[in-house]
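Taking it in order: structure first as structure tokens, then the write-up.
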Protein chains: 2
Amino acid sequence: MSLIFSRRCEYALQAVLYIALKPQGEMSSIKEMTKKLDIPYHFLGKILQDLSRKGLLKSLKGPTGGFALGMPAKDMTLFHLVEAIDGVELTSKCVMGFPECSGKNPCAVHEQWADLRDGIYKMLVNKHIAEMAKDMKKPMYNSISR
Amino acid sequence: MSLIFSRRCEYALQAVLYIALKPQGEMSSIKEMTKKLDIPYHFLGKILQDLSRKGLLKSLKGPTGGFALGMPAKDMTLFHLVEAIDGVELTSKCVMGFPECSGKNPCAVHEQWADLRDGIYKMLVNKHIAEMAKDMKKPMYNSISR
DNA sequence: CTGTATTCAGACTGACTTATCTGTAATACA
DNA sequence: TGTATTACAGATAAGTCAGTCTGAATACAG
């Protein structure tokens, strides 16, 4: 703490974006991504397996195998990914840790946090992978090819 | 994950607010707060010791001892407390986990997150304990007396 | 001065996160 | 058919976080 996403989730976002930037039909291998993105090999494997089981990615074994998006980039949102990895308690729980916190029963920063939380929620829901891929200007994503 | 503050920090905020609502001159004991706020006894002890060492609280041993604010409630901000417990990397680090992330070198949500991050930062800096105590309407803070 | 209530200090435990290691199953290609 | 390449699975290890336990130091009340 305190960061907004877990390490696991950060890696997931980086990798999914990498996969999304691949030309249609090509697959991305763990080996390839672990090098380009500097993510531990087996750890990345676990994360991508997890996303595959949940349908967000498709995987294929063998020499030409790897990972591809499990749905169109326009349909996959940040919310899908964060929900699958970290969960999205962030968008509902009291920031001061009280079990119940409402307008009638507010904590000391209830109003202010409600606004910020809504902003975060909107970002998660509205931002889809296609748009993210367009806005990404990181050098390690430049020459995406095996 | 994913919550914005650690457990430790949530407890700290709850306790400091409790202390701030005490009549001037009276001290709050761990025993008292652990009951009212439902926080593990020794864990709360550690947290308050930590805040005492950092000057945010004053402590006194013995039968009439306990904790009091280390500075006027108007001068102590959320930022002070969060910085002391969790650290405030949240207000500077890249949300996707990239080591460097700037306008020239943006990640996929750089712009959107910059706005939200500023909002969070402003809340932390501008919200002081005196105001928080005023806005707090939780039942466990109602009859504050030993 | 004595007893008691409190903070203070350190070691310890359990759960979770972040990896790492070793081996197995599936697939493409020569 | 065999071999290389890849994802998959399970065990293990190190680090951090949350919480517990025991006892010492300190200060007040009588």
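Residue numbering restarts at 1 for every chain, and letters A, B, ... go by the order of the sequence lines.
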Sub-3.5 Å pairs of nitrogen or oxygen atoms, protein against nucleotides 25-28 of chain C:
none

Could you list the protein-to-nucleotides 10-16 of chain C atom pairs, N/O on both sides, closer than 3.5 Å?
unit_1 : atom_1 : unit_2  : atom_2 : d
C:dG10 : N7     : B:Lys46 : NZ     : 2.9
C:dG10 : O6     : B:Lys46 : NZ     : 2.9

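Enclosure of atom CG in A:Asp38 is not indicated, since only 12 or fewer non-hydrogen atoms of other residues, nucleotides or ligands lie within 6.0 angstrom. Sparse packing is recorded around NZ of B:Lys93, with 12 or fewer heavy atoms of other residues, nucleotides or ligands lying under 6.0 Å away. Counted within 6.0 Å of NZ on B:Lys54, heavy atoms from surrounding residues, nucleotides or ligands total more than 12; the atom is thus considered enclosed. Other residues, nucleotides and ligands place more than 12 heavy atoms under 6.0 Å from the CZ atom of B:Phe43.
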query = Run the side chain to side chain contact (heavy atoms under 4.5 Å, CB included) check on B:Asn126 and B:Leu78 step by step: do they pass?
reply = CA-CA 8 Å; B:Asn126 294 331; B:Leu78 251 186; over 6 Å; no
task = Output, in order, the C-alpha distance, side-chain angles, deciding distance and verdict of side chain to side chain contact (heavy atoms under 4.5 Å, CB included) for B:Leu81 and B:Ile129.
result = CA-CA 10 Å; B:Leu81 290 166; B:Ile129 305 302; 3.6 Å; yes
CA sep, side-chain torsions, deciding dist, call: A:Lys22, A:Met27, side chain to side chain contact (heavy atoms under 4.5 Å, CB included) = CA-CA 7 Å; A:Lys22 262 285 167 77; A:Met27 307 204 82; over 6 Å; no
request  = Begin with the C-alpha distance, continue with both residues' side-chain angles, and end with the deciding distance and a verdict on side chain to side chain contact (heavy atoms under 4.5 Å, CB included) for A:Trp113 and A:Leu116.
outcome  = CA-CA 5 Å; A:Trp113 179 245; A:Leu116 294 169; 3.9 Å; yes
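In this structure, the CG atom of B:Leu57 is 11 Å from the P atom of C:dT7, given to the nearest Å. The nearest whole Å value for the distance from the CG atom in A:Asp50 to the P atom in D:dA7 is 16 Å. Nucleotide C:dC8 holds its C1' atom 15 Å from the CD1 atom of B:Ile47, rounded to whole Å. Nucleotide D:dC8 holds its C1' atom 10 Å from the OH atom of A:Tyr41, rounded to whole Å. Atoms CD (A:Gln49) and P (D:dT6) sit 16 Å apart, rounded to a whole Å. To the nearest angstrom, P of D:dC17 lies 13 Å from CZ of A:Arg7. Taking atom CG on B:Asp86 and atom P on D:dT16, their separation rounds to 15 Å, with Å as the unit. Rounded to an integer number of Å, the gap from CE of B:Met33 to C1' of C:dT7 is 11 Å.
The shortest distance between side-chain heavy atoms of B:Leu37 and B:Tyr11 does not fall below 4.5 Å.
Checked against D:dG19, C:dA9, D:dC8, the side chain of B:Phe43 finds its nearest nucleotide in D:dG19.
When heavy atoms are screened at a 4.0 angstrom cut-off, B:Phe67 is found touching the sugar-phosphate backbone but no base atom. Counting any heavy atom pair closer than 4.0 Å across all strands shown, A:Leu48 reaches no nucleic acid atom.
OP1 or OP2 of D:dA9 sits under 4.0 Å from a side-chain N or O of A:Arg53.
A residue-by-residue look at B:Ser52 and A:Tyr11 shows that B:Ser52 has its nearest nucleotide of DNA chain C further toward the 5' end.
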